[in-house]
Amino acid sequence: MKEKKRFLSISVFYAIAILFRYLAVKTNLFHFTDNQLIQILLRGIGPALGAFASAMLFNIPLKLSLKGNYQNILLPLLIFWIFPIVLIGTVTYIQEAEFPFLLLFTVLVYGLLEEIGWRGFLQEQLKDLPKLQSITIIAVLWFIWHLNFEFTGSNMIFLGVLFLGTWGIGKVYSSTYSLLAVAGFHSLNNFFRNGLHEKELILIAILLAIWIGFMIWYKRNYKAAV
């Protein structure tokens with residue numbers, strides 16, 4: 001009975017996630033606004049809606065938390081959201097004379113919407129499975145959700161990135177249970193939508209070093225709040 005409930009709950013979650021992704025990227029239904037930031041969010045809202053709907057239908061408690069194990073919300077907000085906005089925004093301002101605050105914030109919110117589904121719901125539903133099996137299921141479903149089925153080298157690389165991301169972001173989630181933290185890690189690639197060049201790779205390396213260093217430091221020096 002437990003396995004049947006889990007299968008049905010994941011099926012409902014994924015059907016809703018896929019449906020809204022399809023409507024957002026394959027139809028004009030959501031083109032009721034010319035605001036690109038809103039359109040970005042609509043492309044990523046499906047996993048969150050699917051998680052909430054499935055949780056309500058099957059009476060599944062969602063243990064969603066912005067701060068997670070941190071003692072207050074300010075720490076993950078500062079490290080995983082404000083810091084990348086300031087760092088990437090400042091570099092962009094120096095190079096392009098503009099500070100894209102709204103775009104950077106939108107990308108983080110987009111990551112948050114996805115992570116409510118992939119980590120907050122799906123990873124929790126699969127946590128009893130062997131680790132490799134859980135990672136494979138999440139990565140494959142995540143890849144299919146993007147609705148890009150062209151058999152190209154870049155797509156195969158993307159699938160590999162999703163496997164790595166499922167493992168890495170999954171570890172961040174199981175260590176912190178903070179949606180702010182996993183949204184930050186999730187957004188690393190989305191920040192640099194125009195490609196990864198030397199500048200972008202340096203910024204990613206800086207963010208990863210500071211984020212991972214902060215997580216290790218915090219774990220060593222503070223007891224988990226929950």
Side-chain angles (χ1 to χ4, degrees), residues 10 13-14 17 21 40-41 43-52 54-55 60-85 87-88 104-127 129 131 134-143 145-146 158 161-193 203-219 222 224-226:
I10 291 175
F13 153 74
Y14 197 61
R21 180 70 176 184
I40 289 173
L41 295 180
R43 290 198 292 269
I45 200 172
L49 293 179
F52 290 129
S54 188
I60 299 172
L62 289 179
K63 300 177 182 179
L64 302 177
S65 173
L66 293 176
K67 74 180 185 69
N69 290 343
Y70 295 108
Q71 294 179 338
N72 59 70
I73 197 173
L74 182 60
L75 276 174
L77 181 64
L78 178 64
I79 297 296
F80 299 107
W81 282 50
I82 296 177
F83 176 68
I85 287 176
L87 176 64
I88 298 172
L104 295 174
F105 184 79
T106 300
V107 168
L108 284 163
V109 174
Y110 176 95
L112 177 63
L113 292 172
E114 277 203 48
E115 288 305 319
I116 288 172
W118 305 127
R119 249 54 63 180
F121 177 82
L122 187 55
Q123 181 170 310
E124 284 293 310
Q125 291 300 297
L126 300 176
K127 64 183 179 182
L129 297 181
K131 186 66 66 178
S134 172
I135 290 172
T136 301
I137 292 172
I138 296 172
V140 170
L141 292 180
W142 194 6
F143 177 78
W145 175 82
H146 285 86
F158 182 57
V161 169
L162 292 185
F163 267 96
L164 181 62
T166 299
W167 170 78
I169 300 175
K171 287 187 69 69
V172 173
Y173 179 76
S174 60
S175 297
T176 69
Y177 291 99
S178 167
L179 289 174
L180 290 177
V182 293
F185 277 88
H186 179 118
S187 299
L188 276 182
N189 184 56
N190 295 336
F191 280 137
F192 310 108
R193 64 195 188 284
L203 290 174
I204 288 175
I206 292 172
L207 287 170
L208 284 176
I210 291 176
W211 287 350
I212 294 173
F214 168 75
M215 290 170 58
I216 294 173
W217 170 83
Y218 188 89
K219 187 175 181 178
Y222 294 90
V226 295

Nearest 0.5 Å, please: how far is [atom2] in [Y] from [atom1] in [X]?
X      : Y      : atom1 : atom2 : answer
Ile137 : Leu129 : CD1   : CG    : 5.5 Å
Gln123 : Ser134 : CD    : OG    : 6.0 Å
Leu113 : His186 : CG    : NE2   : 9.5 Å
Trp211 : Ile204 : CH2   : CD1   : 9.5 Å
Leu112 : Glu114 : CG    : CD    : 10.5 Å
Asn72  : Leu78  : CG    : CG    : 10.0 Å

For the student: nearest non-hydrogen atoms of [X] and [Y], plus distance:
X      : Y      : result
Tyr173 : Gly120 : OH-CA, 3.8 Å
Ala183 : Leu108 : CB-O, 3.9 Å
Ile116 : Ala48  : CG2-CA, 4.0 Å
Ser187 : Gly111 : OG-CA, 4.0 Å

Could you check if a side-chain atom of [X] sits within less than 4.5 angstrom of a side-chain atom of [Y], using non-hydrogen atoms only?
X      : Y      : value
Ile40  : Val109 : no
Thr136 : Phe163 : yes
Asn189 : Val161 : no
Tyr218 : Asn69  : no
Phe185 : Leu208 : yes
Lys63  : Phe121 : no
Phe158 : His146 : yes
Ile10  : Leu126 : yes

Exam field: side chain [X] to backbone [Y], donor-acceptor pair closer than 3.5 Å:
X      : Y      : result
Trp81  : Leu180 : yes
Arg21  : Arg43  : yes
Tyr14  : Leu141 : yes
Ser178 : Ala181 : yes
Ser174 : Gly170 : yes

**Report entry** Arg119 to Trp142 six-membered ring, cation-pi geometry met (6.0 Å, 45°)
**Finding:** yes

Report task. Please work out whether the ring planes of Trp118 and Phe13 are parallel, tilted or perpendicular, with thresholds of 30° and 60°. Result -> perpendicular

Query raised in the report: Taking the six-membered ring for Trp, are the ring centroids of Phe214 and Phe83 within less than 6.0 Å of each other?
Result: no

Query raised in the report: Does the pair Glu115 and Tyr110 meet the rule for a side-chain contact (heavy atoms from CB on, under 4.5 Å), with working shown?
Result: CA-CA 9 Å; Glu115 288 305 319; Tyr110 176 95; over 6 Å; no

